[in-house]
Amino acid sequence: MEEIKTSNFIEEIINKDLASGKVKKVYTRFPPEPNGYLHIGHAKSLCLNFGIKQKYDGKCNLRFDDTNPVKEDEEYVESIKEDIKWLGFKWDKLLFASDYFDLMFDYAVKLIKKGKAYVCDMSAEEISKNRGTLTEAGKESPYRNRSVEENLDLFMRMKNGEFKDGEKVLRAKIDMASPNMNMRDPVIYRIVHASHHNTGDKWCVYPMYDLAHPLEDAIEGITHSICTLEFEDHRPLYDWVVRECECECQPQQIEFARLNITDTVMSKRFLKRLVDEKTVEGWDDPRMPTICGIRRRGYPASAVKDFCERIGVAKANSEVEFAYLESIVREHLNRDADRVMAVTNPIKVIITNYTGSEVLQIENNPNKEEKTYRNVSFSAELYIDGSDFMVSPPPKYHRLYKGASVRLKGAYIITCNDVVFDKDGNVKELLCTYVPESKSGNDTSGLKVKGVVQWVDANNHTKVTLRRFKPLLGLNNGETDYINRVDKNSMRQETALAEKALDNAQIEDKFQFMRIGYFVKDKLSTKDNAVFNEIVGLKDSFNKTNC
RNA sequence: AGGGGUGUCGCCAAGCGGUAAGGCACCAGACUUUGACUCUGGCAUUUCGUAGGUUCAAAUCCUGCCACCCCUGCCA
């Protein structure tokens, strides 16, 4: 096996496993729970898992981790598939954890037979109370030493629907005194009388993540199960499951730090709230950090992937500056996007010495080797952008003012001779003359001008409504981290506090003109990628007007 | 002494005992038919959280300390 240069610690582990012969073919998986839309944070995991597949000529499954019927929905599985496709990844197998419910049940029975699991009758509160604290050991359940026969009988009856939700659970018998809370006889199967999006009403008992996930990995032959840092404490339990269940495949869990971006809320719960309360138009609102949101914003998939690669993979908690993402998006747009001219705040230009009209050919992208051109109509009446003309220009202003000359991009050099004002004193139109010999491409005028401005033909242009977005969501005080954290705590005791914090969190709705904008057409069909390619361009280069 | 992690430039991040890569941001110039882009130069040398130790040599090994993150769901 030839050495492959590693670019992060995970690949280093893989290289060692390959070299030692522990692993022959690398197999990873991306395991989202279908309970929300994918966001840029998921893209990092996606790129990691699918990136490894590509780099090592391995395999990667898309597996929906749908072990909790009350939280999951079919709507989300479709959106997730679509987002992954948009990013350009191809999964080897498309699976549902729920496809393994029979197998998982059998494994649970196996654990019972080995004396490694028992049915516990305590309530959720009782279990919680007996779990102990971070510094004190927990108490063993009075049901901990039931016989194998009794456990088997009870577990079957749980499955057969003889008990209500919460009445009984199956617990792993490990160690109530473990300093690792996850090892204090964790619940591995619970009763939930709810219809499942995939298995319908077949089951009323469902496996917990800690039992299900390692089994899913083992069943599929996953060699490296990559997850985020908060699961580090679960690794001993993960290993316990694959060991005690005596799986042929013994996958290993590797943890990495999740992606955080400055001023960007990644909390699914918060994002869902914005959608539910109609603060945004939907999951694909261009202000959202969701994959479909940033797609609609005009980010190329290639840039998103490039970003994920360049930020690296490590175990240190970090927060990447939004500017980094932006710069990479700009880099890709600059390299790949076809340019168009746009005027967002039109001022009419009359070229007094020009008659008739013509069609000019303007290069689409000066950075591309293969030259392509677009046809642009030119006539004596044009619009230029409001920011390209000033009545009283500051020093070093290179664009138009009375007496000044600029080049109309891809066309001629013009000189502003006069400014016509309306009755309110606003600039109505500019009277200019053009230099016939200065035509772009074969300029024989010998003139040099500092400024180049974009323009559109006043009588022949495309109107589109452009909206400027401040990209991701920023909270007024920038306390996204706090919100993300409170959001999590709110699942526990601090619900009221968290709700209040969320109420107080205001969405910054400041529209910001960016170097390279991400403009979105109103009422754009979110499914239509082609439209994006048309409207995405460089600064000042948008396909015309909202006059 | 609960347990598990992490600490290298403003932000990411290489480095794996031999004398601090790279990117983003920033600063200064040049160039330019998008004031974009591109290009050039600058940007951790009493320095790698900190205090000691081992060594000819330490960000890299050892010890103590400090800071931050995660763990007491029948969520994932």
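To the nearest whole angstrom, the two C1' atoms, one in B/A76 and one in B/C70, are 15 Å apart. A distance of about 39 Å separates the P atoms of B/C66 and B/A25, rounded to the whole Å. B/C26 and B/A58 are spaced 32 Å apart, taking the C1' atom of each and rounding to whole Å. Across B/U32 and B/A44, the matching C1' atoms stand 34 Å from one another, rounded to whole Å. Atom C1' of B/G17 sits at a distance of 8 Å from the matching atom of B/C61, rounded to the whole Å. B/G4 and B/C9 have their P atoms separated by 27 Å, with the value rounded to a whole Å. Rounded to whole Å, the P atom of B/G23 lies 36 Å from the corresponding atom of B/A67. Remark: the separation of the P atoms in B/G3 and B/G64 is 13 Å, to the nearest Å.
A residue-by-residue look at A/V320 and A/V453 shows that A/V320 has its nearest nucleotide of RNA chain B further toward the 5' end. The residue among A/A257 and A/H398 whose nearest nucleotide of RNA chain B is located toward the 5' end is A/A257.
Looking at A/D233, its side chain comes within 3.5 Å of the base of B/G3 through a donor and an acceptor atom. A donor-acceptor contact under 3.5 angstrom links the side-chain atoms of A/E321 to the base of B/G10. Judged by distance alone, with hydrogens and angles left aside, A/R399 brings a side-chain donor or acceptor within reach of the base of B/G35, the pair sitting under 3.5 Å. Counting distance only, with no hydrogens placed and no angle test, the side-chain atoms of A/T133 and the base atoms of B/U72 include no donor-acceptor pair under 3.5 Å.
Residue contacts shown for A/M122 include a base, since a base heavy atom lies under 4.0 Å away. Backbone-only contact: A/T67 has heavy atoms under 4.0 Å from sugar-phosphate atoms and none from a base. Nucleic acid contact for A/Y189: none, since no nucleic acid atom lies under 4.0 Å from a heavy atom of the residue. Heavy atoms of A/I311 sit under 4.0 angstrom from primed sugar atoms or phosphate atoms, though from no base atom. Counting any heavy atom pair closer than 4.0 Å across all strands shown, A/H213 reaches no nucleic acid atom. Across all strands shown, A/E12 has heavy atoms under 4.0 Å from base atoms, whether or not it also approaches the sugar-phosphate. A/A124 comes within contact range of at least one nucleobase, with a heavy-atom separation under 4.0 Å. Within 4.0 Å of A/R407, counting heavy atoms only, lies at least one base atom of the nucleic acid. A/G138 comes within 4.0 angstrom of no nucleic acid atom, judged by non-hydrogen atoms across all strands. Counting non-hydrogen atoms under 4.0 angstrom, A/S128 reaches the backbone sugars and phosphates but no base. No engagement by A/V205 is indicated, since no non-hydrogen atom pair under 4.0 Å with the nucleic acid exists. Across all strands, A/Y397 comes closer than 4.0 Å to base atoms (heavy-atom distances). Among the atoms of the strands shown, none is found under 4.0 Å from any heavy atom of A/L408.
Atom NZ of A/K368 sits in a crowded spot, with more than 12 heavy atoms from other residues, nucleotides or ligands closer than 6.0 Å. Atom NZ of A/K139 is surrounded by 12 or fewer heavy atoms from other residues, nucleotides or ligands within 6.0 Å.
Taking atom CD of A/Q253 as the reference point, atom P of B/G4 lies 16 Å away to the nearest angstrom. Protein atom CD1 of A/I13 is 17 Å distant from nucleotide atom P of B/C16, rounded to whole Å. Taking atom NZ of residue A/K409 and atom C1' of nucleotide B/G35, one finds them 13 Å apart after rounding to whole Å. Nucleotide B/C11 holds its P atom 18 Å from the CG atom of A/L325, rounded to whole Å. The distance between atom CZ of A/R235 and atom P of B/G4, rounded to the nearest whole Å, is 11 Å. Counting to the nearest Å, the P atom of B/G5 and the CD1 atom of A/I254 are 14 Å from each other. In this structure, CG of A/D175 is placed 15 Å from C1' of B/U72, rounded to the nearest angstrom. The distance between atom CG of A/D385 and atom C1' of B/A36, rounded to the nearest whole Å, is 15 Å.
A centroid separation of 6.0 Å or more is found between the aromatic rings of A/Y299 and A/H332. A distance of 6.0 Å or more separates the ring centres of A/F9 and A/F256. Less than 6.0 angstrom separates the ring centroid of A/F155 from the ring centroid of A/Y189. Not less than 6.0 angstrom separates the ring centroid of A/Y238 from the ring centroid of A/F231.
Pairing partner, B/A28: B/U40, with both Watson-Crick or wobble hydrogen-bond distances short of 3.5 Å. When both pairing distances are held under 3.5 Å, B/A59 makes no Watson-Crick or G-U pair with any nucleotide shown. When both distances must be under 3.5 Å, the Watson-Crick or G-U wobble mate of B/C16 does not exist. Across the strands present, B/U46 finds no partner; the criterion is a Watson-Crick or G-U wobble pair with both atom distances under 3.5 angstrom. Nucleotide B/A76 forms no Watson-Crick or G-U wobble pair with any nucleotide shown, as no partner meets the under 3.5 Å limit on both distances. Nucleotide B/C68 is matched to B/G5 when pairs are restricted to Watson-Crick or G-U wobble geometry with both distances under 3.5 angstrom.
Taking only side-chain atoms of A/K71, from C-beta outward, the nucleotide of B/U34, B/C75, B/A25 with the closest atom is B/C75. The nucleotide whose nearest atom lies closest to any side-chain atom of A/T135 is, among B/C75, B/G2, B/C12, B/G2. Checked against B/C75, B/G4, B/U33, the side chain of A/N68 finds its nearest nucleotide in B/C75. Residue A/A316 places its side chain closer to B/G7 than to any other of B/G2, B/G7, B/C37. Among the nucleotides B/A13, B/A76, B/A25, the one closest to the side chain of A/S318 is B/A13. Of all nucleotides listed (B/A25, B/G35, B/C71), B/G35 comes nearest to the side chain of A/V452.
Contact between the side-chain N/O atoms of A/R131 and the OP1/OP2 oxygens of B/C74 is found at a separation under 4.0 Å.
For the side chain to side chain contact (heavy atoms under 4.5 Å, CB included) test with A/L400, the passing option among A/V453, A/T415, A/I414 is A/I414; the others fail. Shown are A/E72, A/K268, A/K71, A/R269; of these, the side chain to side chain donor-acceptor pair (under 3.5 Å) with A/N35 is made only by A/K268. When each of A/R144, A/R146, A/K164 is tested with A/D121 by the rule salt bridge (charged side-chain N to carboxylate O under 4.0 Å, His left out), just one qualifies, namely A/R146.
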Could you give me the CA-CA distance, side-chain angles and deciding distance for A/N198 and A/D99, then say whether side-chain hydrogen bond (donor to acceptor under 3.5 Å, both in side chains) is met? CA-CA 8 Å; A/N198 187 29; A/D99 292 336; 3.2 Å; yes

